[in-house]
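What follows is a short report on a single structure.
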Amino acid sequence: MPYTPTLAWKPLDGAEEAQLVAAHAARMERYAAFLRIPSVSALPEHAADCRAAAEWLASELRRIGAQRVEVSETGGHPIVVAERIEDPALPTIVIYGHYDVQPGDPLDLWKTSPFEPIVRDGRMLGRGSADDKGQILIHLAALEAMLTVRGAAPVNVRYVFEGEEESSSVNLEAWMRAHPDRCTGDAVIISDSGFFDGNVPALTVGLRGITYLQVDVRASDVDLHSGSYGGSVINPANALADMIASLHDTQRRVTVPGFYDDVTPLSDKDRAAFAALPFDQVAYLAGIGANTLYGEEGYSSVERRGGRPTLDVNGIWGGFTGDGSKTIIPAHAHAKISCRLVTDQDPEKIYAAVEAALRAAAPAGLQVEVTNLGNGHAFLTPLGDPYLDAAAAALTATFGREPLYIREGGSIPIAALFQRELKLPVVLLGFTPPDDNAHAPNESMDLGNFEGGIRTVIRALDAIAALD
Ligand code: BES
Ligand code: ZN
């Protein structure tokens with residue numbers, strides 16, 4: 001991936017700057033220590049590591065001076081909560097991040113091991129450096145500086161750091177309902193998204209929702225000789241390929257009946273905002289080693305990614321996949337499929353529609369099992385919200401240019417949950433651009449964005465305190 005050098009960020013005027021500079025080396029040590037804990041939420045063998053990461057965070061919060069620090073049980077990986085209530089008359093800001101990470105593999109493509117972080121070329125390299133441990137630490141460093149220097153935060157803050165975001169936050173909604181006092185406030189800041197590109201600051205005002213499913217098909221008890229049986233029985237791998245192929249038409253639209261029913265069409269204003277983004281197609285393709293753009297006809301790349309729903313196979317397997325050849329008709333075949341959704345699609349409704357479409361496309365006699373592995377609603381927030389404006393002013397003051405307002409293709413299920421269930425304004429204030437390799441080998445965080453992020457959070461909380 002091409003590395004864009006850091007734009008200088010503007011130091012703070014207040015005494016926190018000296019504290020942050022003095023604490024820099026210790027901060028980097030702690031950053032690396034956090035990244036060394038392989039808190040992969042999706043893999044059961046890492047459950048103890050997830051708990052260790054939660055405990056590590058809790059002890060950091062206590063060290064800094066947060067109050068009511070707790071590792072709260074969910075039935076899955078725990079949620080770390082803490083707060084600093086300075087004065088009930090001040091606004092209360094809920095700050096969300098996630099300490100779980102994606103698996104490290106494929107290991108052979110990493111320059112270092114994913115859980116042995118190193119600093120190289122001005123970046124912290126390691127799984128979770130950007131998504132999302134680094135962004136949690138931005139908030140902790142900001143709080144530490146303010147408490148050390150002023151003895152208080154400018155507003156009340158409540159921290160909610162979950163451990164299952166990368167596994168669709170399956171226990172979060174129930175936890176939120178059971179612990180309303182730990183996650184309510186006047187507004188929410190989520191730092192799990194990023195800049196548009198390199199060091200160009202951005203505020204994410206839209207995220208896609210998601211429904212994730214697995215399909216398992218079976219036609220016989222055992223693999224069969226492909227000479228003796230080929231052509232005379234259902235081949236589940238062929239059938240699954242046909243079923244999946246039937247889900248798109250030649251314009252690359254999704255054919256699932258009802259799929260687009262609740263899609264909010266892009267307005268002329270939406271399309272103008274997408275068109276105004278400085279999207280560099282050549283750099284975009286070069287960055288991922290691809291040679292062509294692709295997608296639904298009639299839409300630009302930024303529209304396809306941020307404003308249109310999609311259906312994609314995440315993995316497909318079955319039959320013989322070893323070296324050489326083995327002539328069989330596999331007994332079974334499998335695929336994992338995700339749909340990225342936009343407002344106002346309902347993930348459960350779309351899941352049911354995709355399941356029905358897969359079943360309808362299956363040949364008679366094929367056993368089809370479909371399992372829903374997670375759902376999350378899309379998120380869209382209006383411009384002009386005072387909390388969003390406070391974050392924008394902080395980004396501008398720190399990075400020397402006004403943020404872009406972007407709609408991202410990824411999903412953060414809690415964003416819609418805060419907005420829909422708790423009716424709170426949600427600000428997605430994140431600091432990592434797409435070239436951070438999140439979910440991929442060599443994930444890294446630009447340390448300029450990391451340091452600038454800390455200054456931005458301090459400025460944003462001060463700006464919120466100054467709102468009428
Ligand atoms: N940080 C991402 C979400 C994100 C991605 C925001 C790209 C903005 C741009 C988050 O950690 C993530 O990966 N979420 C999952 C959620 C899913 C498992 C429900 C995702 O989008 O795949
Ligand atoms: Zn992620």
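Using a 4.0 Å cut-off between a side-chain N of Lys or Arg and a carboxylate O of Asp or Glu, Glu73 and Arg51 qualify as a salt bridge. A salt bridge links Arg308 with Glu296: at least one charged nitrogen is closer than 4.0 Å to a carboxylate oxygen. For the pair Lys133 and Asp100, the salt-bridge criterion is not met [side-chain N within less than 4.0 Å of a carboxylate O]. Between Arg27 and Glu144, none of the side-chain N atoms (NZ, or NE/NH1/NH2) sits under 4.0 Å from a carboxylate O, so this pair counts as no salt bridge. Under 4.0 Å is where a charged nitrogen must lie from a carboxylate oxygen, and between Arg218 and Glu369 no such pair does. Under the 4.0 Å criterion applied to side-chain N and carboxylate O atoms, Glu355 and Arg359 are assigned as salt-bridge partners.
Counting only distance, with no hydrogens or angles, the side chain of Asp436 and the backbone of Asp446 share no donor-acceptor pair below 3.5 Å. Between the side chain of Ser220 and the main chain of Val222, a donor-acceptor pair closer than 3.5 Å is present.
Taking the ring centroids of Phe279 and Tyr284, they lie under the 6.0 Å cut-off.
The local environment of CD in Glu421 is crowded, with over 12 non-hydrogen atoms from other residues, nucleotides or ligands closer than 6.0 Å.
Screening Glu45, Arg127, His46 for a side chain to side chain contact (heavy atoms under 4.5 Å, CB included) with Pro38, the sole residue that qualifies is His46. Considering Asp346, Leu373, Ile350 as possible partners of Thr211, the one that fulfils the side chain to side chain contact (heavy atoms under 4.5 Å, CB included) test is Ile350. With Ser444 as the partner, the side chain to side chain donor-acceptor pair (under 3.5 Å) test is satisfied by one option alone out of Lys111, Arg120, Arg123: Arg123.
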Practice prompt. Under the side-chain contact (heavy atoms from CB on, under 4.5 Å) rule, what do Ile190 and Val188 come out as? Steps first, then yes or no, please.
Written response: CA-CA 6 Å; Ile190 295 181; Val188 184; 3.9 Å; yes
Discussion item. Could you walk me through whether Phe450 and Met28 satisfy the side-chain contact (heavy atoms from CB on, under 4.5 Å) test, starting with their C-alpha distance in whole Å, then the side-chain angles of each, then the deciding distance to 0.1 Å, before giving a yes or no?
Written reply: CA-CA 11 Å; Phe450 179 76; Met28 289 296 113; 3.6 Å; yes
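Judged by the 6.0 Å and 45° rule, Arg253 forms a cation-pi pair with Tyr260. By the 6.0 Å and 45° rule, Arg252 stacks over the aromatic ring of Tyr294.
A donor-acceptor contact under 3.5 angstrom links the side chains of Glu162 and Tyr96, judged on distance only.
Asp344 approaches Thr264 most closely through the heavy-atom pair N-OG1, 3.4 Å.
Taking the six-membered ring where the residue is Trp, His334 and His332 present perpendicular rings, their angle passing 60° and hence far from 30°. Between Phe34 and Trp56, the ring-plane angle classifies as parallel under the 30° and 60° cut-offs.
For the atom pair Asn372 CG and Tyr212 OH, the distance stands at 11.5 Å (nearest 0.5 Å).
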